[in-house]
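The structure follows.
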Amino acid sequence: MRGVVGIYLLLPTVSGGYLKPSRIVIIGLDSPIAYRVYEYSKKGFLPNLAKLMEEGVHAVNFLNSYPTVTPQNWTSIATGANIGTHGVTGFGVHLPGEDLTKLRSAFDSSLCRAEFIWSVVEEAGGNSIVVNWPCSWPPTFKRGWQIGGYGLSMNEWRRGRILYEADLCDGQLFTTLDLPHSVKIVFRKASGWRNIPSHVDALEAEVKPMYSACVRNGERGLELAKVRGPSPWYLLVLDYGEGFTELVVSWEKDYEKALCRLREGEWSPVIIREFETVDGRAKGAFRCKLVELSRDASRVRLFITPICSLSYSTYPKELVEEIIKINPLAFPSHIVYDGLGWGWFDEKTFLELVEMEHKWFSDIIVYLMKTRDWRLVAVHMHAPDWFYHYAVQPEKIDPSNPKYVGEEKAKKLISLEIEFYKVIDKAIGEIVEAAGSEALIVVVSDHGAKPKIYGINIAQVLAEAGLLVFKDDGSIDYSKSKAIPGWEGPWIYVNLREKFSHGTVSLEEYEEVREAVVNALLGYIDPKTGLRPFLFALRKEDARLLGLYGPRIGDIVYALRPEYGSHHGQLPTAEVGIGSLKGLLIVRGPGVKKGYTLKRTVRAVDIVPTICYLTGLRAPRNAEGAVIYQALEGFPVEEIEEDKVFRVQKKFFKKEYWGEESFKVKS
């Protein structure tokens with residue numbers, strides 16, 4: 001107790017130097033590579049983040065919860081609770097008493113067992129504005145306003161049936177080229193059109209639009225789409241004497257009734273029309289861009305943004321009617337990042353789409369801040385995650401990676417990365433300005449990103465150990481397997497008869513099977529690399545030290561080396577190549593040190609307790625984190641003895657597998 005009293009004596013009080021911030025703004029960025037963002041800020045590319053760093057604190061050892069995945073960490077950040085406590089274990093949640101073949105979508109706030117910070121604000125008499133915060137729908141508060149939370153971007157639902165479901169329709173590309181997931185254009189001589197300008201040559205195409213809930217999911221995306229019509233759409237290209245220079249998009253063969261008329265590189269204005277859907281007629285908003293039109297019309301790319309519902313779910317329900325008047329283009333933006341990767345459009349178009357995406361955030365949040373009495377704003381922007389997954393994968397710009405694209409191309413991609421972050425920085429600046437200088441600003445991420453290097457099939461590892469059986473079609477035979485990987489997290493379930501209808505293992509065999517799983521994972525050597533991919537394999541009860549416990553977690557928890565697996569999901573300390581999974585954290589406001597680099601370890605569960613301490617709110621009832629005292633004014637400067645750590649990046653591979661061996665040493 002003496003130590004606690006001493007700490008409080010060191011800290012300023014309201015009468016001793018600063019007023020408690022009356023307002024809180026939490027801006028969540030998904031999966032930025034923190035050290036790159038810090039460096040871009042210091043170099044002047046991101047002036048708004050740079051200003052926040054100069055006026056506040058930024059952390060260089062911010063460790064998110066393990067596994068480093070979106071639903072778990074945004075829930076930990078908003079509650080201050082460990083994953084084992086709040087129970088949001090992944091994109092899917094396995095509930096006790098249900099078979100492993102059944103998972104609930106984590107984007108249902110009723111699955112969270114911990115209290116959110118906005119509930120604390122409500123209890124204190126304040127109002128909250130919550131926008132696009134994952135796993136927060138339906139709303140858990142009454143005082144305030146909420147938009148989204150049922151997906152990772154606006155007008156998008158994560159129900160677990162496919163990757164995502166656009167509320168009305170995903171984006172699409174009409175093209176004469178052979179590009180992935182596109183709608184083919186075949187031109188012919190135009191006929192039957194009304195009101196075409198005289199003395200022009202014209203070609204027409206009749207296209208059947210691809211109304212899809214998720215283009216990436218192919219036929220399943222088409223099956224789940226709400227929009228059914230109109231179909232077809234008509235395209236007309238016109239030659240005024242110098243080749244084809246104009247394209248007309250229309251729902252009928254009438255030049256004067258066109259949705260838009262475009263020249264190469266032009267965007268249409270926002271178009272609002274009624275569509276035929278499975279639920280009746282519904283209004284949607286979209287834009288078109290003529291990305292490419294060659295003079296002979298052999299190369300045409302026409303991009304249609306996602307069709308944005310104008311009646312999406314908000315709280316209160318009628319809020320949507322108000323905000324669509326401010327900016328109706330709240331589109332599900334996954335396709336923006338897919339589209340760049342598929343060659344649908346160029347980098348300029350990509351950045352224009354990113355600008356539209358984030359302009360919606362700044363337009364709507366600033367509007368609500370100016371027209372409402374609020375105490376908390378919490379917003380999540382998912383763009384960096386999709387950027388590194390689909391647009392510019394870190395392995396492409398990592399010289400130590402086999403998929404490195406070369407110095408010249410890598411420089412262009414890094415320039416695109418900087419321009420991408422500039423767009424986000426602009427939106428952050430507008431939100432921060434509207435909040436005022438006395439607001440507490442927290443810019444935080446759920447994890448970082450790293451290059452992919454090696455893959456691993458966990459089920460195959462278990463099968464080779466005789467613990468798992470595959471069917472002839474390659475799927476897992478649950479009725480014959482003793483151990484089954486968890487889809488939702490880095491753990492293995494023992495297939496107990498007492499727990500699952502497909503169970504094969506008795507309680508008496510439980511410990512024997514767990515021991516066999518641990519031995520299989522730790523004993524496995526990747527024949528292609530000579531590496532042991534698994535860093536550890538812990539019994540469930542030992543995984544409590546990671547914040548993983550309770551009935552929603554598997555029986556053995558494991559972690560992979562940074563070289564293995566996807567762009568994130570590994571330990572929050574994982575760093576390889578140009579990548580790092582350490583989180584981004586910048587805090588600015590009354591009571592916070594200025595221009596300070598915080599070196600101590602900070603965890604995701606520490607964010608909310610620190611916010612509550614600074615603002616005089618009680619911590620959420622399930623919060624398990626601590627106050628980040630070293631970030632506060634009046635607390636002594638850290639005296640951390642740091643070891644000189646040399647990270648040796650070596651590609652452990654056979655020459656016939658990757659090519660030449662290479663070494664890279666950096667301090």
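Sequential numbering from 1 along the given sequence is applied to the chain's residues.
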Look at K403 together with D398 and state whether they make a salt bridge at an N to O cut-off of under 4.0 Å. no
Side chain to side chain contact (heavy atoms under 4.5 Å, CB included) assessment of S212 paired with V215: CA-CA 6 Å; S212 173; V215 170; 4.1 Å; yes
R23: which residues meet the side chain to side chain contact (heavy atoms under 4.5 Å, CB included) condition with it, sequence neighbours left out? D373, W374, A439
Under 3.5 Å side-chain donor-acceptor pair for D170 and Y164: yes
V300 vs L290, test: side chain to side chain contact (heavy atoms under 4.5 Å, CB included). Steps then yes/no. CA-CA 8 Å; V300 177; L290 183 55; 4.3 Å; yes
Taking the six-membered ring for Trp, is the centroid-to-centroid distance between F107 and W133 below 6.0 Å? no
Please tell me whether S268 and K289 have a donor and an acceptor in their side chains that are separated by less than 3.5 angstrom. no
Applying side chain to side chain contact (heavy atoms under 4.5 Å, CB included), can you list everything that pairs with P316, at least two apart in sequence or on another chain? W145, E318, L319
Does either side chain, that of Q146 or that of S136, offer a donor lying less than 3.5 Å from an acceptor on the other one? yes
Donor + acceptor pair across side chains of D30, T70 (<3.5 Å): yes
Holding to side chain to side chain contact (heavy atoms under 4.5 Å, CB included), I want the full list of residues that pass it with D363, two or more places apart in sequence or in another chain. I326, N327, K359
Looking only at side chains, do Q72 and S65 share a donor and an acceptor under 3.5 Å apart? no
Is it the case that the ring center of H334 lies less than 6.0 angstrom away from the ring center of H389? no
Would you kindly say whether H181 and Q172 are connected by a side-chain donor-acceptor distance under 3.5 Å? no
Answer yes or no: are there more than 12 heavy-atom neighbours, outside K411 itself, under 6.0 Å from its atom NZ? no
Decide if the gap between the ring center of Y315 and the ring center of W137 is smaller than 6.0 angstrom. no
R220/E223 ion pair, N-O < 4.0 Å: yes
Check this for me: does any side-chain nitrogen of one of R36 and E39 sit under 4.0 Å from a carboxylate oxygen of the other? no
Between the side chains of E417 and Y40, does any donor sit under 3.5 Å from an acceptor? yes
Hey, would you say the F331 and F286 ring centroids sit under 6.0 Å apart? no
